[in-house]
Peer 1: 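Before I ask anything, let me first share the structure, which is written out below as structure tokens.
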Amino acid sequence: MEKTYQPSAIESKWYGFWESNGFFKASGDVTKPAYCIVIPPPNVTGTLHMGHAFQDTIMDLLIRYHRMKGDNTLWQPGTDHAGIATQMVVERQLNQKGLTRHDLGRNKFVEKIWEWKEQSGGAIMQQLRRMGASADWSRERFTMDEGLSEAVKKTFVDLYDQGLIYRGKRLVNWDPKLKTAVSDIEVESLEEQGSLWHLRYPIAGSDEIMIVATTRPETMLGDTAVAVNPNDERYTHLIGKMIDLPLTGRQIPIIADDYVDQEFGTGCVKITPAHDFNDYEMGKRHNLPMINILTDDAQINDEAPEAYRGMDRFDARKQIVADFEAAGLLEKIEPHTLKIPRGDRTGQVIEPYLTDQWYVDAKTMAKPAIEAVKSGEIKFVPENWEKTYFEWMNNIQDWCISRQLWWGHQIPAWYDEEGNIYVAHDEAEARTKYNLDDRPLRQDEDVLDTWYSSALWPFTTLGWPENTEELKTFYPTSVLVTGFDIIFFWVARMIMIGKHFMQEIPFHEVYIHGLVRDQDGQKMSKSKGNVLDPIDLIDGIDLENLVKKRTSGLMQPQMAERIEKSTRKNFPEGIKAYGTDALRFTFTAQATNGRDVIFDVGRVEGYSNFCNKIWNAARFVFMNAEDKLIADNPAARSHIDHWILSRLTYVNKEVERHIEQYRFDLATQTLYDFIWNEFCDWYLELTKPILNGDFSDEAKAATRHTLMFTLDAILKMLHPFMPYITEEIWQQLVVIAPQFKQTDGLIVAEYPSMDVRNEALEADIAWLQSVLLEVRRIRAEMNIAPGRPLPVLYENASAEDQRRISENELFLLKMGRLESLVACHGDAPESAVAVVGKMRLMIPLAGLIDKEQELTRLNREISKLAPSIQQLAGKLSNEGFIAKAPEAVVAKEREKLAEMENTLAELNQQLVKIQAL
């Protein structure tokens, strides 16, 4: 083996080996248990981010684990056309050339998007490969593949014929820049500073007025009522009367509705059913007219008074406020903080907009989907996400599935000149199905919401509507791995659609993971400049290129400057190359159920060191085993060998249990602790007296076998987490010890299963470790050189202590670097004392330390530490700092203070001990 671990030297080699040998493909053996995961298809809008890398690592871990367990395993890969997001990417590219999509026309524009898809989709698949994703690439799918597109048409036609899809005029989220309906997930509601305008509405035929408050004065042009609470005694005499709606020449009624909060504002609410979701519901309850006063690009339309027609909505707002003031009808204007809905891609203020759209009858389809989770057919992990699911599903509204875009699945509906609708697979089928003559037909120009086609993903990717072998074998799939933010938009809809068309659930379990945040707990975003590219962490990137990458494409110089400054501060030397395995292990170590991942590059560095530890441990094993006898002889094993095999059994069962329960963090910690502490720091050291001492050839051969066996099992358990380093080491292990080679690759080796626990022996070695640790502690505290042989006395030793001393004397002397270990008879000399159980260990200090020199050293350390503690304590008592600093920063400072205080306490204790000598 090379002396140092170089991930770049092995990763491409082994990935190519796995893929070329077909190890990623399902076995095809239907007698084996089927295990299938469908990838949440990433959008073909660019490259993968840290959230993808986190999610894909978890899926690959599960797939590799179940493959090694002997399951017929399929990880179904693919990408999503992503509708609006992808269309915008290509439109921006055209805009940079001074063109729009209208200059190209629909067909040419869609061709351009297909070209982009090939480029972006290929990049995403390459990134997944770099992360070690063992997906079956021969089955890669795209949501607009021909087969999947045909399936989309079939579901639409079937649902329409069953009365579960309909076309209707309803209120939707409308992006006036894109001129399309958008889903709730594409709307960001952020707090902004605005105003609250109090307007006077005169009551017809009287001198009375009603004062209404609004954050959107321009919508008053579409008011069709003023509402009050029926129990509000201030207004009961006005219910049923009419308002002279200012500026419009119209009269509107005063109505009563329990929805109105009489304690809020004046207790009077203007009702604009065509421009507010709550008003829309009230309008339906009271049969109010719905007057849409906006065009699709948010200008005032011809339904409004002529004075405002053609105005931009915000220009109209200013004019209307001025006109109210001129008419003496503006009561007051107050500053007001409110949540403004903006399109997450355009930044435009989203308008509730009344328009004709296609809808799925979600209320009907939700019932079996609710029952599937309620009955336990589908299990959420963590379970608490079921409450979120039920809350959404029990209050579900019909699903708007049409989008006014050019990129996507064009809706299979045709219209004649009278506007009659004909839904069919294609135009020819429409003419046959509806007995149409040769009358002119035009296809609906809208496309389907991208979530519609992705809702079919679990079964269309397996060949539906054909009854393929894959569909029979792998549906329902085993587990869905996804984020909480799309439980409603994707998870729930897959369950609804799956139950309807397959009469079965799409997956048995849903593992919900958290978001990946930066080290300060902030959400990663380009505007904050805290986005990390997983490939940068794998390959490394220098500072200048990192700055360039983060600031490229930013139009605002101030933002670019801020991001550059932050990047130079946080990564003064750029990002080191850590390799895929260290990054994957970091993700799994933080995959705690239901919690967000606070991603700190320092942790990747720590697990990179773990990779080096494993590498060096393997080199030690190989150097002691190569060209030597390696024989499995239980009778010749030392008790140290039996101990590590017992601990290996415990770890094997714990790791399996944690993976089955989706506690990847606990599985990771279990492996880390065992490999670093028990295997490397203890067992490897404990084998040295055997391998280098006066032991029989049989004992040495048995220890070598135990070393190789344990390393082999470690590599197999660790492989799903760290595929590259484990494959590299295992391939060398089976060259040295061919008896361990069962397959051509570790990736398809059998997952270990052991049952050789010996808890009494484990207790014996735990005692041995305690004794050695106490000796090491005294060395450290007394500042005694590590290599200096120490005489050790003991007293109060029980019969069991005596037995353990006898059985482990060689290991105690060698590993503790002890001159002697003898029972104390009579008065003990001046000693440093430690206690293990009831047994006292004593190290005579005469000649070992210089008391005065040690007191001077301790006082010097104390005097250096005390001012730092005082300074940090003052900082944390500063209310200004606590209020302004991020929570994560404050927590780190408190942790630092606690560590310093603990160190000071230990130094003072040691000072007292030395003074007492």
Peer 1: Indicate, with yes or no, if the rings of Phe142 and Trp114 have centres closer together than 6.0 Å.
Peer 2: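 Ring centroids of Phe142 and Trp114 are less than 6.0 Å from each other.
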
Peer 1: Identify the two heavy atoms, one from Asp596 and one from Phe484, that lie closest to each other, and give their separation to 0.1 Å.
Peer 2: OD1-CE2, 4.0 Å

Peer 1: Pick out which of Asn43, Thr460, Asp80 makes a side-chain hydrogen bond (donor to acceptor under 3.5 Å, both in side chains) with Thr143.
Peer 2: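 Result for side-chain hydrogen bond (donor to acceptor under 3.5 Å, both in side chains) with Thr143: Asp80.
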
Peer 1: For residues Phe109 and Arg101, report the shortest heavy-atom separation together with the two atoms involved.
Peer 2: CD1-CB, 3.5 Å

Peer 1: Looking only at heavy atoms, which two atoms of Gln55 and Thr482 are closest? And how far apart?
Peer 2: OE1-CA, 3.4 Å

Peer 1: So Tyr475 and Trp464, side-chain contact (heavy atoms from CB on, under 4.5 Å) or not? Walk me through it.
Peer 2: CA-CA 10 Å; Tyr475 191 92; Trp464 187 91; over 6 Å; no

Peer 1: Give me the atom names and distance for the closest heavy-atom approach of Asp297 to Lys179.
Peer 2: CB-CE, 3.8 Å

Peer 1: Determine, for Tyr359 and Arg170, whether the Lys NZ or Arg CZ falls below 6.0 Å from the six-membered ring centre while staying within 45 degrees of the axis.
Peer 2: yes

Peer 1: Between Trp358 and Tyr166, does the ring centre distance come in under 6.0 Å?
Peer 2: no

Peer 1: State plainly whether the residues Glu371 and Lys499 are in salt-bridge range, i.e. N to O under 4.0 Å.
Peer 2: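 Salt bridge between Glu371 and Lys499, a charged N being under 4.0 Å from a carboxylate O: no.
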
Peer 1: Apply side-chain contact (heavy atoms from CB on, under 4.5 Å) to the pair Gln404 and Thr355, showing each step before the final yes or no.
Peer 2: CA-CA 11 Å; Gln404 290 63 56; Thr355 179; 5.8 Å; no

Peer 1: Before giving the answer on side-chain contact (heavy atoms from CB on, under 4.5 Å), spell out for Leu221 and Ile300 the whole-Å C-alpha distance, their side-chain angles and the decisive distance to 0.1 Å.
Peer 2: CA-CA 9 Å; Leu221 299 176; Ile300 306 300; 4.3 Å; yes

Peer 1: Between His409 and His81, how do the two ring planes meet: parallel, tilted or perpendicular, split at 30° and 60°?
Peer 2: perpendicular

Peer 1: Answer yes or no: does atom CD of Glu445 have more than 12 heavy-atom neighbours from other residues, nucleotides or ligands under 6.0 Å?
Peer 2: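 No.
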
Peer 1: Decide salt bridge (Lys or Arg N to Asp or Glu O under 4.0 Å) for Asp446 and Arg403; before the verdict, give the C-alpha distance in whole Å, the side-chain angles of both, and the deciding distance to 0.1 Å.
Peer 2: CA-CA 6 Å; Asp446 289 354; Arg403 298 291 183 267; over 6 Å; no

Peer 1: Salt-bridge test for Arg309 and Glu303: reply yes if a basic N is under 4.0 Å from a carboxylate O, no otherwise.
Peer 2: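 Not counted as a salt bridge, because no side-chain N and carboxylate O are separated by less than 4.0 Å.
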
Peer 1: Could you tell me whether Lys154 and Asp158 have a side-chain N and a carboxylate O separated by less than 4.0 Å?
Peer 2: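 So Lys154 pairs with Asp158 through a salt bridge.
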
Peer 1: Does NZ in Lys549 sit with more than 12 non-hydrogen atoms of other residues, nucleotides or ligands closer than 6.0 Å?
Peer 2: yes

Peer 1: Thinking salt bridges, do Arg313 and Glu351 make one under a 4.0 Å N-O criterion?
Peer 2: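 Salt bridge between Arg313 and Glu351, a charged N being under 4.0 Å from a carboxylate O: yes.
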
Peer 1: Please find out if less than 6.0 Å separates the ring center of Tyr422 from that of Tyr415.
Peer 2: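 When the ring centroids of Tyr422 and Tyr415 are compared, they turn out to be at least 6.0 Å apart.
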
Peer 1: Is Lys433 salt-bridged to Asp161, cutoff N-O under 4.0 Å?
Peer 2: yes

Peer 1: Parallel under 30°, tilted from 30 to 60°, perpendicular over 60°: which one fits the rings of Phe459 and Phe501?
Peer 2: tilted

Peer 1: Taking all heavy atoms of Ala362 and all of Asp398, pick out the closest pair and write down the distance.
Peer 2: N-OD1, 3.3 Å

Peer 1: Please report the C-alpha distance between Met365 and Arg493 in whole Å, then the side-chain angles of each, then the deciding distance to 0.1 Å, and finally whether the side-chain contact (heavy atoms from CB on, under 4.5 Å) criterion is met.
Peer 2: CA-CA 9 Å; Met365 295 189 71; Arg493 287 162 179 175; over 6 Å; no

Peer 1: Before we go on, tell me: are the rings of Trp392 and Phe488 under 6.0 Å apart, centre to centre?
Peer 2: yes

Peer 1: Strictly under 6.0 Å, is that where the ring centroids of His275 and Trp174 end up?
Peer 2: no

Peer 1: Closer than 4.0 angstrom, basic N to acidic O: yes or no for Lys387 and Glu391?
Peer 2: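 Looking at Lys387 and Glu391, the cut-off is not met.
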
Peer 1: Run the salt-bridge test on Arg167 and Asp444 with the 4.0 Å N-O cut-off and return the result as yes or no.
Peer 2: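 Looking at Arg167 and Asp444, the cut-off is met.
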
